[in-house]
Amino acid sequence: MAEVSQASVHLRHRIPPDFYSLNSQKPFDSPHVSSFLGSEDVQNSLPVIDLNSPTVEDSLVRACELSGMFVVTNHGIPLGVLVGAEVEALRFFSLPREEKMKALRTPGETAGYGMAPLAAILDETMWHEGLTITGSPIEHAKQVWPHEYMRFCEMMEDYQKRMKSLSEKILGLVLKNYGGLPPFHESGPSTALQLNSYPACQCLNEMIGLAPHTDTSYITIVHQNDVTGLQLFHEQHGWISVAPKTGSLVVNVGDMLHIVSNARFPSALHRAAVSRVQHRLSFAYFYGPPADFEVSPIINACSSGPHQEARFRPVTKREFVRMKAKNVHALSLIRKGK
Ligand SMILES: C=C1C[C@]23C[C@@]1(O)CC[C@H]2[C@@]12CCC[C@@](C)(C(=O)O1)[C@H]2[C@@H]3C(=O)O
Ligand SMILES: O=C(O)CCC(=O)C(=O)O
Ligand SMILES: [Fe+2]
C-alpha cells in the first residue's frame, strides 16, 4: 500500500495537469497563489546588449554583475530558426494528452515529456508542461509521430547546434578575464533544450506557470513566443516582467557561473506567469559543465574586496544536481562558513 502511494506521488510530480478538463471548470481561486503574480512593468530596466558592439565584453560582464539576466540582439540566430522551432514545438504540445504521454520522461532520465523536475519538491501545482531534449529527440519524436518525426528532429538539432555556439561565444566573453571557457577535457559541456508550454489558463484566477527558481547551468538562453510571462526577481523592484522582443534572446546566469564567479554574478531568480487567453511557449537552452567536472570559484585579478576568498567549496555538477533535487537552496549548502 505504502509503495502504491509512493508511486502515485511520484507520478503526480511527473505528469502535467489535465489542462483541457480543468479549463472546462468554472474559475476558482488557488489556495496557494493569492494574487502574488503581479509584476512591475519595468522590463526596460534589463540591459540590452548588441553582440556586435565593440564594447560587448564589458557590457556582458556588467550585465552579469548587475542582474544576472540580460537581453541580447545581433546574436546571429536567424528569426526563421526561432519561429521554425516554435512551429514544431506547438505541433508537439497541441497533440492530445494521451499522445504526449507516450514521450513521458522515465524516472532517472533527463529527456522526455513531463513537469519540470522542480515540481517534485514543491507543494503547489504549476500550469506547465515541458519536453526536455538532450541531443537528438528522435526516440521520443518517433513515439508520438511514427512517420513524421524528421522535421521536428532536424529543427531541434539545428536549434541546439546554434545555441551551443552562441553559449560558447557569450560565456567565453564573460569569462575572458577568468582565463576563458573552463577546461572541459574530453567530455564536452552538458547541454539541454527545454521546451516549455503554458496553455491559456481560464480555470484559476491566478496560477503560476513555473515556480521561482534558479537554473543549474553556467548560462541559459531563453527564447519566448510573443506572450509575456517571464519574470525576474530584482532586489529593488521585486518581480519584473521580461517582455518578449521579436528576434532578441534572454540570457541568464545559472548556479554554476555564480559559483565560478565566486558570487560576483548573481544566479538569476526567475519564474513564469501564465496568460488567461494565450498559449505561451518558451525555449530554454542550458549550457553547463559536464556532470563530473569539479566547479569551484576562480579567484584572480578581477576579484577584489569581498570576493577574494572562495565563497563556495568545489562541487561537481552531478553532486550539486542531487542536492538541488531535494533542496532548491542547494547553493547555501556549499557556501563556505555556513
Ligand atoms: C538540464 C536540466 C536543467 C533543468 C533540469 C534538467 O535536467 C531539465 C529541465 C531543467 C529545468 C527547467 C525548469 C526549471 C528547472 C529548475 C527544472 O526543474 O527543470 C530546470 C533544471 C535546472 O536548471 O536545474
Ligand atoms: O518560460 C520561461 O520564460 C522561463 C523558462 C525557464 O525558466 C526554464 O525553463 O528554466
Ligand atoms: Fe529557468
Side-chain angles (χ1 to χ4, degrees), residues 13-14 16 37 39 43 46 68-69 71 86 89 93 105-122 124 126-135 137 160 163 167 189-199 208-233 239-245 248-259 267-275 278-291 317-331:
H13 290 131
R14 290 166 56 212
L37 281 174
S39 65
Q43 66 266 40
L46 266 201
M69 189 181 271
V71 174
E86 261 181 51
F93 289 119
R105 179 188 288 122
T106 42
E109 293 292 324
T110 301
Y113 173 68
M115 295 292 286
L118 176 70
I121 46 170
L122 296 177
E124 69 209 281
M126 299 187 286
W127 194 260
H128 168 266
E129 57 181 338
L131 179 68
T132 312
I133 299 173
T134 50
Q160 290 175 90
M163 286 291 165
S167 302
S190 74
T191 64
L193 172 61
Q194 169 79 5
L195 312 186
N196 293 304
S197 154
Y198 312 89
I208 190 82
L210 207 51
H213 66 277
T214 59
D215 297 337
T216 305
S217 53
Y218 282 132
I219 56 168
T220 305
I221 303 182
V222 180
H223 163 62
Q224 324 176 55
N225 72 350
D226 57 0
V227 183
T228 304
L230 177 60
Q231 297 178 359
L232 168 72
F233 187 75
W239 288 104
I240 62 167
S241 181
V242 185
K245 276 200 208 103
S248 66
L249 294 165
V250 178
V251 180
N252 68 265
V253 171
D255 300 335
M256 295 290 126
L257 185 54
H258 178 68
I259 297 170
S267 187
L269 182 63
H270 56 286
R271 67 182 185 184
V274 294
S275 159
Q278 286 173 292
H279 189 166
R280 176 165 190 272
L281 292 177
S282 76
F283 293 67
Y285 181 81
F286 303 98
Y287 184 96
K317 192 188 148 211
R318 192 187 301 283
E319 186 192 356
F320 188 78
V321 166
R322 224 174 271 145
M323 291 192 282
K324 207 172 167 181
K326 296 194 196 115
N327 182 350
V328 272
H329 305 294
L331 278 173

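One-based numbering, in listed order, for ligands and for the atoms of each. Keep in mind that the numbers below use all heavy atoms, side chains included, and drop hydrogens, waters and symmetry copies.
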Study note, to complete from the structure: Nearest non-hydrogen protein atom to atom 20 (C) of ligand 1, with distance, is F286 CZ, 4.1 Å
Check your understanding: Would Q160 and Y285 count as having a side-chain donor-acceptor pair, cut-off 3.5 Å?
Key -> no
Exercise for review: May I ask whether atom 10 (C) of ligand 1 is less than 4.0 Å from at least one protein heavy atom?
Suggested key: yes
Practice item. Return yes if a side-chain donor-acceptor contact under 3.5 Å exists between Q224 and S282, otherwise no. Key: no
Point to revise | Nearest-neighbour protein heavy atom for atom 23 (O) of ligand 1, which is reported as residue plus atom name and distance | key: T216 N, 2.9 Å
Check your understanding: Hey, is atom 1 (C) of ligand 1 under 4.0 Å from any protein heavy atom?
Key -> yes
Point to revise | Identity and distance of the protein heavy atom lying nearest atom 6 (C) of ligand 2 | key: L210 CD2, 3.5 Å
Study note, to complete from the structure: At under 4.0 Å between heavy atoms, what of A116 touches ligand 1? The answer is both
Practice item. Please state which part of D215 comes within less than 4.0 Å of ligand 2, counting heavy atoms only: side chain, backbone, both or neither. Key: side chain
Study note, to complete from the structure: the Fe ion (ligand 3) -> D215, closest N, O or S atom is OD1
Review point. Can you check whether H270 has an N/O within less than 3.5 Å of an N/O in ligand 2?
Key: yes
Practice item. Give me the ring orientation class for H223 and F283: parallel if the planes are under 30° apart, tilted from 30 to 60°, perpendicular past 60°. Key: tilted
Review point. What part of Y285, side chain, backbone, both or neither, has a heavy atom within less than 4.0 angstrom of ligand 2?
Key: neither
Review point. Starting from atom 2 (C) of ligand 2, which protein heavy atom do you reach first, and at what distance in Å?
Key: S282 OG, 3.2 Å
Exercise for review: List the closest protein heavy-atom neighbour of atom 7 (O) of ligand 1: residue, atom name, distance to the nearest 0.1 Å.
Suggested key: T110 CG2, 3.3 Å
**Study point:** For atom 8 (C) of ligand 1, closest protein heavy-atom neighbour
**Key:** T132 CG2, 3.6 Å
Exercise for review: Answer with side chain, backbone, both or neither: which part of R271 has a heavy atom less than 4.0 angstrom from an atom of ligand 2?
Suggested key: neither
Review point. In terms of atom number and element, which parts of ligand 2 are under 4.0 angstrom from non-hydrogen atoms of L230?
Key: 3 (O), 4 (C)
Review point. What residue and atom, counting heavy atoms only, is the protein's closest point to atom 3 (O) of ligand 2, and at what distance?
Key: R280 NH2, 2.8 Å
Review point. Closest non-hydrogen protein atom to atom 16 (C) of ligand 1, residue and atom name please, with distance?
Key: H213 CD2, 3.8 Å
Check your understanding: Could an N or O of ligand 1 be found under 3.5 Å from any N or O of L118, whether backbone or side chain?
Key -> yes
Exercise for review: Would you give the angle at the Fe ion (ligand 3) between H270 atom NE2 and H213 atom NE2, to the nearest 10°?
Suggested key: 90°
Review point. Nearest protein heavy atom to atom 5 (C) of ligand 2, by residue and atom, and its distance?
Key: N196 ND2, 3.4 Å
Review point. Under 4.0 angstrom from ligand 1, any heavy atom of A284?
Key: no
Review point. Relative to the heavy atoms of F286, which atoms of ligand 2 are at a distance of less than 4.0 Å?
Key: 9 (O), 10 (O)
Exercise for review: Identify the protein heavy atom lying closest to atom 5 (C) of ligand 1, giving its residue, its atom name and the separation to 0.1 Å.
Suggested key: P117 CG, 4.1 Å
